[in-house]
Structure formats: structure tokens, C-alpha cells
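Worth knowing before you read on, the calculation uses all heavy atoms, side chains too, and leaves out hydrogens, waters and symmetry mates.
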Amino acid sequence: MTTWNDFSEGTQFAPSVHNGGAYLDISSYYLTWWKTGKAPAITRDTLYLTHRTQFAAARPTSGTQTKFMLPRSGTSAPRDTVEVLSFLTRAATVKASIGGVEKTYAGQAGLQAKTFPLAYGTNKASVGAVTVTSPWQVKKDFTVQDLQYHAVSSGRK
């Protein structure tokens, strides 16, 4: 597991403007599981939504950028997907809006990840009264390439 003080090695995770505490919350679930040997009970429905704001192969439509991000050798390729990670107390229909296009899937009780193709616009997901909306829109026009993933959680309001 990476640590908060490995910034010079590029392996850190910490609360941030673009991710809030979402990655820390997800990690705390797995840390508890690892330490106790048992998956923690899910006591409330929670949704996490992760995506990038640009397609991996997109280039700025304006501006002066001439050098572009490339994944480091040995790392996973950037993916053009939106992921809904659900922690559900019981099976339920999960609704997602990906770039304004409505999708649904049968959410299982427990932990489940579902991916959808990235699309321009706003992304959100809901199950019952729980909703999470990303403030980060996927845009066609931009001035600087940015391949980072953004994360939001319904668990922190």
C-alpha cells in the first residue's frame, strides 16, 4: 500500500480537490478486511464514481501544449471508462447517467464494480435515496491534457 509521504516517488494518495477522501474511504474498507481477515459489514449503501475528464487519446483543442502525458513503462494504460463502485446492504437496481445517457444494472449485495464507456458530459449514479454526482464533466474542448482520474463518493456529504 502506498503512503501519504511518498510524493517524491509518485506513489502517494491523500485527500485532494479532485478526489476528496474517496480513495481513502475505499482503502479503509480493504485495510479493515486485511487486518481482521473478514470483510467488514456494509451498514449503509454507498456509491463511488470514478472517471477522467478527457479521453486518453484526446489532444487539447486550444492552447499551446506541445508535450503530452504518456503512461510510465509497466503501468496500466489509461482507460476510457466510468466506474461505479457500489457497497450495498442488499441487492438493488443501480441507476447511472453517463454523459446524460441513462443506464441501469442489478446491483448485488456487498461490493460490486461496474464500468461504462466514457462519454462527454456529466456522470452520476444512484440507488434508492443515495445519489452521487461528479462535479467533473467530461469535455471535448480543453486547453491542457489531464489524464488523472477523479473520484466522488455518496458517503461524504
- So do Pro135 and Val152 actually touch side chain to side chain, heavy atoms under 4.5 Å? yes

- State plainly whether one hydrophobic cluster holds both Ile26 and Trp33, where clusters connect Ile, Leu, Val, Met, Phe, Trp and Tyr through side-chain heavy atoms under 4.5 angstrom apart. yes

- Item | Transitive ILVMFWY side-chain link Ile98 to Val130, under 4.5 Å | yes

- Query: Do Leu118 and Val82 have side-chain heavy atoms sitting under 4.5 Å apart?
  - Reply: yes

- The side-chain contact (heavy atoms from CB on, under 4.5 Å) partner of Leu85 among Thr115, Thr50, Leu111 is Leu111

- Would you say the side chain of Thr133 lies within less than 4.5 Å of the side chain of Leu49, judging by non-hydrogen atoms? no

- Nearest non-hydrogen partners of Gly155 and Thr46, listed with the distance: N-CG2, 3.8 Å

- Item | Pairwise side-chain contact, Lys139 with Gln54, heavy-atom cut-off 4.5 Å (strictly under) | no

- Message: Does Leu88 form a side chain to side chain contact (heavy atoms under 4.5 Å, CB included) with Val94? I'd like the steps, not just the answer.
- Response: CA-CA 10 Å; Leu88 301 180; Val94 178; 4.1 Å; yes

- Query: Rounded to the nearest 0.5 Å, how far apart are CD of Gln137 and NE2 of His150?
  - Reply: 11.5 Å

- Message: So, taking the atom named OG in Ser153 and the one named CG in Leu47, what distance separates them when rounded to the nearest 0.5 Å?
- Response: 8.0 Å

- Cationic N near anionic O, under 4.0 Å, Arg52 to Asp80: yes

- Message: For a 4.5 angstrom cut-off between non-hydrogen side-chain atoms, does Pro71 reach Ser76?
- Response: no

- Query: Distance from Arg44 atom CZ to Ser154 atom OG, nearest 0.5 Å?
  - Reply: 7.0 Å

- Query: If only atom types and distance count, is the side chain of Ser27 paired as donor or acceptor with the main-chain N or O of Leu24 below 3.5 Å?
  - Reply: no

- Message: I need the full list of side-chain hydrogen bond (donor to acceptor under 3.5 Å, both in side chains) pairs touching residues 83-97, with sequence neighbours left out, sorted by first then second residue.
- Response: Asp45-Thr89, Arg79-Glu83, Ser97-Glu102

- Are any non-hydrogen side-chain atoms of Lys140 and Thr61 less than 4.5 angstrom apart? no

- Partner set under ring pair (Phe, Tyr, Trp, His ring centres under 6.0 Å) for Tyr149, not counting sequence neighbours: none

- Message: Val101 vs Phe116, test: side chain to side chain contact (heavy atoms under 4.5 Å, CB included). Steps then yes/no.
- Response: CA-CA 11 Å; Val101 177; Phe116 300 96; over 6 Å; no

- Task: Verify whether one side chain among Asn19 and Ser16 offers a donor that lies under 3.5 Å from an acceptor in the other.
- Result: yes

- Separation between CZ (Phe142) and CZ (Arg59), nearest 0.5 Å, reads 8.0 Å

- Query: So, do Trp136 and Asn123 sit near enough that their side-chain heavy atoms are less than 4.5 Å apart?
  - Reply: no

- ring pair (Phe, Tyr, Trp, His ring centres under 6.0 Å) contacts touching residues 50-70 (sequence neighbours left out): Phe55-Tyr120

- Derivation of the ring pair (Phe, Tyr, Trp, His ring centres under 6.0 Å) call for Tyr48 and Phe87: CA-CA 9 Å; Tyr48 296 90; Phe87 289 75; 5.6 Å; yes

